[in-house]
There are 2 protein chains.
Amino acid sequence: MSRLLKQQQALLPAPAHELAAQMAEAGYKVTQPRLAVLRAAVALDKAFTVHELEQWLLQRNESPGIASIFRTVKLLCDLELFQRIHGLEDCHRYSISGGHAHHLICVSCGALKSFDNCGLRDLITTLEQQTGYHINDHVLELFGRCPRCLAV
Amino acid sequence: MSRLLKQQQALLPAPAHELAAQMAEAGYKVTQPRLAVLRAAVALDKAFTVHELEQWLLQRNESPGIASIFRTVKLLCDLELFQRIHGLEDCHRYSISGGHAHHLICVSCGALKSFDNCGLRDLITTLEQQTGYHINDHVLELFGRCPRCLAV
DNA sequence: TTTATATTGAGATATTGTATCAACACTACC
DNA sequence: GGTAGTGTTGATACAATATCTCAATATAAA
Ligand SMILES: [Zn+2]
Ligand SMILES: [Zn+2]
Ligand SMILES: [Zn+2]
Ligand SMILES: [Zn+2]
C-alpha cells in the first residue's frame, strides 16, 4: 500500500456559519431561506435530497418555498460548497463538500465520509497512454455499509 | 506503475445480435421494438441518451413508442447489458457495457472507452480500515477529450 | 384453435428540477 | 426621508426524464 493511501484523511463537513461566510464572501446575501437550507443540510448530517431538506424544514415550520430550496442547493453546488452525489440507484442526493471530494456512502442509512485523495493518477496515466485521450476530470463514489448499520 | 495497470484492456462493445441473444437467454422476447433499440445503440457508438435513440430511429421511420424505448433501456440495464453513465453535467446517458465496467468519455463528442480494471482495491482497503465501513460497490467515470477532438 | 402470457403504444402521472414574474427587501444616492 | 437599482423570494408554469395504467396486440403453449 502506498504512502499516499496511508495518509488518506477524512474531510470534515463545514459548519453552517462557515458556509454562510463563504456565501457572503462570494457576494451573495445570507438570507433566512438560505440559512435555513444550510441549517437543514448540516443537521441531516448525511447525503440528503432536496425533499429531505424540505421535510426537515417543514417540521420546524420554517420552510422557504420549494423553488428557493432548489435555488439555494444549486447556488451552493455552483460555489462548490455542496456537491451532487452519484448513487447506485439515483443521482438526486447532495452532500456538504467541496470541489474534488469523493464520498463513501452507507447504502443503508446514507451516512457519508468525504475524502479527496483518490489515488487514481496511475490509472489515469495508463489510460491516457493506451487511448490517446487527455483526461482531466473524474467521478468516484464508493458504497457500502457504515459501522452502525453493520452492527445492527 | 503496477503490472495490473499495465494489463489494462479496453472492453469492446457487444454487437447487436449478441445482445439480442442474451436477452433471449434471460427469457425475454427479441421483438422488433427491442431490436430497434439495440440497433440504434450500437449504431450511435457512444454514450447515448434515450432522446438520441428516439431521434436515430425516427429518422429511419421505425421508432417504437417512447415508453417502449425507456422500457427497453431499463430492461437492458437490469440485464447488465447497458449501463447508466454518471456524467459531469447530467446522468441521463447510457452505454453498451456490462456490470462492473467503467468509462472514459470524451466531453466534446461523447466517444467512449470501457474498461473494468479500475485498480481501486488498495484505496478500498485503506478506507475500510480507516472508517470501519464495509465497501462493496463503486462508481468510477473518467472524462476528457478523445484523440479526434484533441486534433481539431 | 384456444388459452395464457408477454409486449406494445398512448396517455396519464410522477419526480426533479428550471423559468417567469410580480412582490418584497435592501442599498446607494439625491 | 424619498427614489432608483439590484438581489431575493414564492407561486406558478413549464421542462426533461422516466414510470404507470390499461386496452389492444403479438406470441407461445396447450
Ligand atoms: Zn449506515
Ligand atoms: Zn450520476
Ligand atoms: Zn471526442
Ligand atoms: Zn471498478
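We use all heavy atoms of the structure for the numbers below, so side chains are in, but hydrogens, waters and symmetry mates are not. This is a predicted model, so every value here is computed, not measured.
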Has A:Gln83 got a side-chain atom pairing as donor or acceptor with A:Ala101's backbone, closer than 3.5 angstrom?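 Side chain of A:Gln83 to backbone of A:Ala101: a pair is present.
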First encountered from the 5' end of DNA chain C, between A:Thr49 and A:Ala67: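 Nearest-nucleotide comparison on DNA chain C picks A:Thr49.
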Starting at atom [atom1] of [X], determine the distance to atom [atom2] of [N], rounded to an integer number of angstrom.
{"X": "B:Phe70", "N": "D:dT17", "atom1": "CZ", "atom2": "P", "value": "7 Å"}
{"X": "B:Met23", "N": "C:dA6", "atom1": "CE", "atom2": "P", "value": "14 Å"}
{"X": "B:Leu35", "N": "D:dA26", "atom1": "CG", "atom2": "P", "value": "17 Å"}
{"X": "B:Lys74", "N": "C:dT15", "atom1": "NZ", "atom2": "P", "value": "15 Å"}
{"X": "A:Ile69", "N": "D:dG10", "atom1": "CD1", "atom2": "P", "value": "9 Å"}
{"X": "B:Glu89", "N": "C:dG17", "atom1": "CD", "atom2": "C1'", "value": "15 Å"}
{"X": "A:Leu75", "N": "D:dG7", "atom1": "CG", "atom2": "P", "value": "13 Å"}
{"X": "A:Leu57", "N": "D:dT9", "atom1": "CG", "atom2": "P", "value": "13 Å"}

Under 3.5 Å, is there a donor on one side chain and an acceptor on the other for A:His138 and A:His102?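 The criterion, which ignores hydrogens and geometry beyond distance, is satisfied for A:His102 and A:His138.
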Looking only at the side chains, is there a donor atom on one of B:His103 and B:His86 sitting less than 3.5 Å from an acceptor on the other?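 The answer is no; no qualifying pair exists.
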Side-chain N or O of [X] closer than 4.0 Å to phosphate OP1/OP2 of [N]:
{"X": "A:Tyr28", "N": "C:dC26", "value": "no"}
{"X": "B:Arg84", "N": "D:dA18", "value": "yes"}
{"X": "B:His51", "N": "D:dA16", "value": "no"}
{"X": "A:Tyr94", "N": "C:dT16", "value": "no"}
{"X": "B:Thr31", "N": "C:dT8", "value": "yes"}
{"X": "A:Ser68", "N": "D:dT8", "value": "no"}

In terms of the nearest nucleotide of DNA chain D, which residue is placed more toward the 5' end: B:Lys29 or B:Ile66?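 Closer to the 5' end of DNA chain D: B:Ile66.
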Looking at A:Arg71 and D:dG10, is any side-chain donor or acceptor paired with a base atom of the opposite kind under 3.5 Å? yes
Let's go through A:Ile124 and A:Asp122 carefully: what are the C-alpha distance in whole Å and the side-chain angles of both, what is the deciding distance for side-chain contact (heavy atoms from CB on, under 4.5 Å) to 0.1 Å, and is it a yes or a no? CA-CA 5 Å; A:Ile124 288 171; A:Asp122 282 358; over 6 Å; no
Does the ring centre of A:Phe82 sit less than 6.0 Å away from the ring centre of A:Phe48?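 Aromatic pair counts; centres sit under 6.0 Å.
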What nucleotide among C:dT7, D:dA18, C:dG9 has an atom nearest to a side-chain atom of B:His92? D:dA18
